[in-house]
Visitor: 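A single structure is presented below for examination.
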Amino acid sequence: MNAERPACEQLSGARVLSPVQPRKLAKVPFVEMAEGRLQGVVSSGSDIERVYVSSIIAGTHGYNCSTNNNRPCGGLRGAPCKHLWSLVEEAVLQYGLERVARYLRLEGDSAASLMHNLSGGPESIPAAVVFSRFLRHLAYLELPDTSEPIAELHWFPSLGAVS
Amino acid sequence: MLGTQLTALHDGALPGVDEAVDLIAGFDDALVNGFARLGEERTAALVALAGAVGGTPLGPAAAEAAEKIGAGSISEEHLTTLAGARTALFGAVHDALLDRLDSALGRTRAAWEGAQPQSTDPLAGACRSWLAELAITGWRGVDHDLASAADQAIQNLLAEPRLRRLAMLLDGLAAELRASSPIGAMARLPARRWADLWARASLLTKTGSLEATERVSGRLLPLGVDIHEHGTAAQIQIHAILEPQGRLVRTSVAAAKVDTISGPFVWQLLSSYPVLLGALAKRLSLEITDMPLLPGGDLLWQEGKASSGPSSDPFAAARVQLSGASAPAVPPLERHPVRIAEPVFIEGYRSDGHTLQLDGASLAFDLDRLPTSGPLTPQLLKASTACIGLMRWDGGQWRLQPLAVQANVKKELLAVHNGDWAQGPTDQKVLKSYAKAGDPVAVLKERAGRLLRK
């Protein structure tokens, strides 16, 4: 009996994902790295009913920002708007700089330097797809809870900070 | 748990366990590379796995499945059969481990008396074809498209409360595959884990929920709470002694969530269970009346059938009543080492924060199961002298997952429990960062209320 850790290949409880870091969600309620993009939803600062859908393409670094009704963001004039800045800042908080930089294939030692190194320009990216993914994300909170024991969750211990 | 019991637990290898785990590893390796290109060696591994269940009713079907898959004729039926063979083998490992633990502890365990219903739900069937696709391709061949291919099917499952177990399992697996894609580029694969999840999901697509076999009344003395969580699910599972019968029972509540809600915030998702959470936070007993009990020892929690009882110190209950309490049977399909989570009480040990020493025997703490939703920390484990925990087995080793400890902090003996924050953090520092982070549950519910029903 030794306290050495067995190889991850042989562990049922091997940890695959690192926990996301807590962050304030008010400004950017949703950010994800999916479908080849860093994408998310940014709440409008002035209108509580309005949200912006912002995305940056991994690799080519083309970007876009529009309202969920597909109206182009007024701040997007040849350079990334403040919503895109918020998106990247919050993604770095949530996933860590290294993961975001690796996914986007961008270099930088902070969210700001990632933004400065963005080489692409505005590009058409459908807001509807991202927005519907956000709605699906929110829909999880509407699912009824259950007192049926989920034995399968023994494979998913609460992600502690310890390694 | 005494030092002598700990010594008995580790006394000699369990016959057949290493051999069984080797056969399972052979299957898992085949799944890494995909059943579409097995080659001789991996085909032999499948045949060997089928051979191991040769003396059981599953034997002929497993042998045929291994032969057909080896010959390149792969059907969902064959894959499910091999998933069954792997599960049966791990079931035997589970039984050997639990028997050893029960004898070391002197714990009596009820015999299984339930029935396992089958199911042919078409929603689950849709997921079975994805599982087949994964097996044919192999983990190494999984890319973003394949990892995401079942997203819609999983959403449909989630909407159906009867299929919540399968839905939460598949959602957790799919998230890991997506985040790891393209998996061919990964240096090391969690082969055992993903094969476990794959096999369990395959069987769950064909089985239904267990039904309650009795209704019980009495006083519940909580021992501690185990917390499970992935990006889109959280579950708390309370281990307790039901008096006056002296039976070990568990009760769980689970909620769907998103990845940005984690740590201490998961309790808020369960705020519709004030009686249960209140008992954890205030260390109370619970009076229950006619609560349905599943044959595996799980109470189906209903707030309306429960009320708070007098205060109950889990350490007193563990010290006095745990060693004599009887344990429930394990449902046949849940027999897997990962489900072994047997409550034990250990005291009078020395700890370095990683391992405890008691009368010349040692036991490692399971630090991977120390949640951020409660106040237990490695520092507290180091200062601890008594622990209520769950015995776990993984990767060939027993570990102790702490649920509560008594620790000397500033010359004072403190009792610290996983469930202490069930009604909000009690630690000033955590409370402050909690307030600073804002309330993610409230923010997202506001966004959902405004945007979802348009």
Side-chain angles (χ1 to χ4, degrees), chain A residues 1-17 19-20 22-26 29-36 41 43 48-49 51 68 94 131 134-163, chain B residues 10 158 161 164-165 168-169 172 176 179-180 188-193 196-197 200 209 227-230 232-233 235 252-260 262-263 298 300-301 334 338-339 341 354-355 364 367-373 378 394-396 437-438 440 443-445 447-448 450 452:
Chain A
M1 179 180 43
N2 58 53
E4 265 181 40
R5 296 165 63 87
C8 104
E9 287 85 352
Q10 296 159 22
L11 282 176
S12 292
R15 182 181 291 185
V16 178
L17 300 178
V20 306
R23 60 179 186 88
K24 284 189 197 176
L25 297 179
F30 178 57
V31 52
E32 65 169 0
M33 297 184 285
E35 303 175 312
V41 168
S43 298
I48 197 162
E49 300 281 348
V51 292
N68 50 322
Q94 181 165 326
F131 191 65
F134 173 51
L135 294 185
R136 204 171 81 185
H137 182 79
L138 289 179
Y140 275 98
L141 300 178
E142 313 259 307
L143 292 171
D145 38 45
T146 175
S147 61
E148 180 186 5
I150 315 288
E152 291 63 38
L153 287 177
H154 282 275
W155 270 283
F156 298 91
S158 179
L159 293 172
V162 192
S163 60
Chain B
H10 290 104
L158 279 164
R164 192 54 61 82
R165 285 175 65 183
M168 282 183 167
L169 169 62
E176 291 187 3
S180 308
R188 306 177 68 190
L189 297 191
R192 172 73 38 83
R193 173 181 179 77
D196 276 355
L197 300 178
R200 173 58 67 96
S209 302
I227 301 161
H228 308 147
E229 186 186 342
H230 67 47
T232 56
Q235 170 171 260
S252 322
V253 287
K257 67 174 194 71
V258 294
D259 56 359
T260 40
S262 66
D298 291 284
L300 289 180
W301 186 256
E334 292 180 17
V338 87
R339 189 194 180 273
H354 296 275
T355 306
L367 297 176
D368 288 335
R369 289 181 184 266
L370 213 52
T372 48
S373 32
D394 199 4
V443 169
L444 291 177
K445 287 207 160 152
R447 292 282 82 183
R450 213 170 280 281
L452 267 184

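Per chain, numbering begins at 1; letters A, B, ... match sequence-line order. These numbers come from the heavy atoms of this one structure, side chains and all, not from hydrogens, waters or symmetry mates.
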Visitor: Do B:Val258 and A:Phe30 come within less than 4.5 Å of each other through their side chains, counting heavy atoms only?
Guide: no
Visitor: Working to the nearest 0.5 angstrom, can you tell me the gap between A:Glu152 CD and B:Met168 CE?
Guide: 10.5 Å
Visitor: Restricting to side-chain contact (heavy atoms from CB on, under 4.5 Å), what partner residues turn up for B:Ser180, sequence neighbours left out?
Guide: A:Val16, B:Ile183, B:Met186, B:Trp194
Visitor: Under 4.5 Å heavy-atom distance to chain A, tell me which part of B:Leu189 shows up: side chain, backbone, both or neither.
Guide: backbone
Visitor: Determine whether a donor-acceptor pair (N or O, by modelled atom type, separation under 3.5 Å) exists between the side chain of B:Gln235 and the backbone of A:Leu153.
Guide: no
Visitor: When you look at B:Asp259 and A:His137, which way does the side chain to side chain contact (heavy atoms under 4.5 Å, CB included) test go after all the steps?
Guide: CA-CA 9 Å; B:Asp259 56 359; A:His137 182 79; 3.8 Å; yes
Visitor: Is the backbone of A:Ser12 close enough, under 3.5 Å, to the side chain of B:Asp196 for a donor and an acceptor to pair up by distance?
Guide: no
Visitor: Under the rule for side-chain contact (heavy atoms from CB on, under 4.5 Å), what residues qualify as partners of A:Asp145, not counting sequence neighbours?
Guide: B:Ala255, B:Ser272, B:Tyr273
Visitor: Checking B:Arg193 against A:Phe156: charged group under 6.0 Å from the ring centre and within 45 degrees of the axis?
Guide: yes
Visitor: If you round to the nearest 0.5 Å, how far is CG of B:Leu444 from CG of A:Leu141?
Guide: 6.0 Å
Visitor: Just wondering, do A:His154 and B:His228 contact through their side chains at under 4.5 Å, heavy atoms?
Guide: yes
Visitor: Could you look at B:Arg447 and say if it's the side chain, the backbone, both or neither that has a heavy atom under 4.5 Å from chain A?
Guide: both
Visitor: At a heavy-atom distance under 4.5 Å, which candidate from A:Arg136, A:Glu32, A:Arg23 has the highest pair count against chain B?
Guide: A:Arg136
Visitor: Testing the basics here: between B:Pro161 and A:Glu148, what is the closest heavy-atom pair and its distance to 0.1 Å?
Guide: O-OE1, 4.4 Å
Visitor: Is the backbone of A:Pro144 close enough, under 3.5 Å, to the side chain of B:Arg164 for a donor and an acceptor to pair up by distance?
Guide: yes
Visitor: For A:Ser147 and B:Trp301, indicate whether the former's side chain and the latter's backbone hold a donor-acceptor pair under 3.5 Å.
Guide: yes
Visitor: I need the residue from A:Leu17, A:Val31, A:Val20, A:Ile48 with the largest number of non-hydrogen atom pairs under 4.5 Å to chain B.
Guide: A:Ile48
Visitor: If we define contacts as heavy-atom pairs under 4.5 Å, which of B:Ala233, B:Ala191, B:Ala254, B:Ser209 has the most with chain A?
Guide: B:Ala254
Visitor: Of the backbone (N, CA, C, O) and the side chain (C-beta and beyond), which part of A:Gln94 lies under 4.5 Å from a heavy atom of chain B, both, or neither?
Guide: side chain
Visitor: With a 4.5 angstrom heavy-atom cut-off, is it the side chain or the backbone of B:Asp298 that approaches chain A, or both, or neither?
Guide: side chain
Visitor: A:Val41, A:Leu138, A:Leu143: which one forms the most heavy-atom pairs within less than 4.5 Å of chain B?
Guide: A:Leu138
Visitor: How about A:Pro149 and B:Leu300: do any of their side-chain heavy atoms sit closer than 4.5 Å?
Guide: yes
Visitor: So which part of B:Val443 gets closer than 4.5 Å to some heavy atom of chain A, the side chain, the backbone, both or neither?
Guide: side chain
Visitor: Answer whether the closest heavy-atom distance between the side chains of A:Pro19 and B:Ser262 falls below 4.5 Å.
Guide: no
Visitor: Please classify the contact between A:Ile150 and chain B as side chain, backbone, both or neither, with a heavy-atom cut-off of under 4.5 Å.
Guide: both
Visitor: Most heavy-atom pairs under 4.5 angstrom with chain A, which of B:Gly438, B:Pro440, B:Ala179?
Guide: B:Pro440
Visitor: Does any heavy atom of chain B fall under 4.5 Å from the side chain of A:Val51, the backbone, both, or neither of them?
Guide: side chain
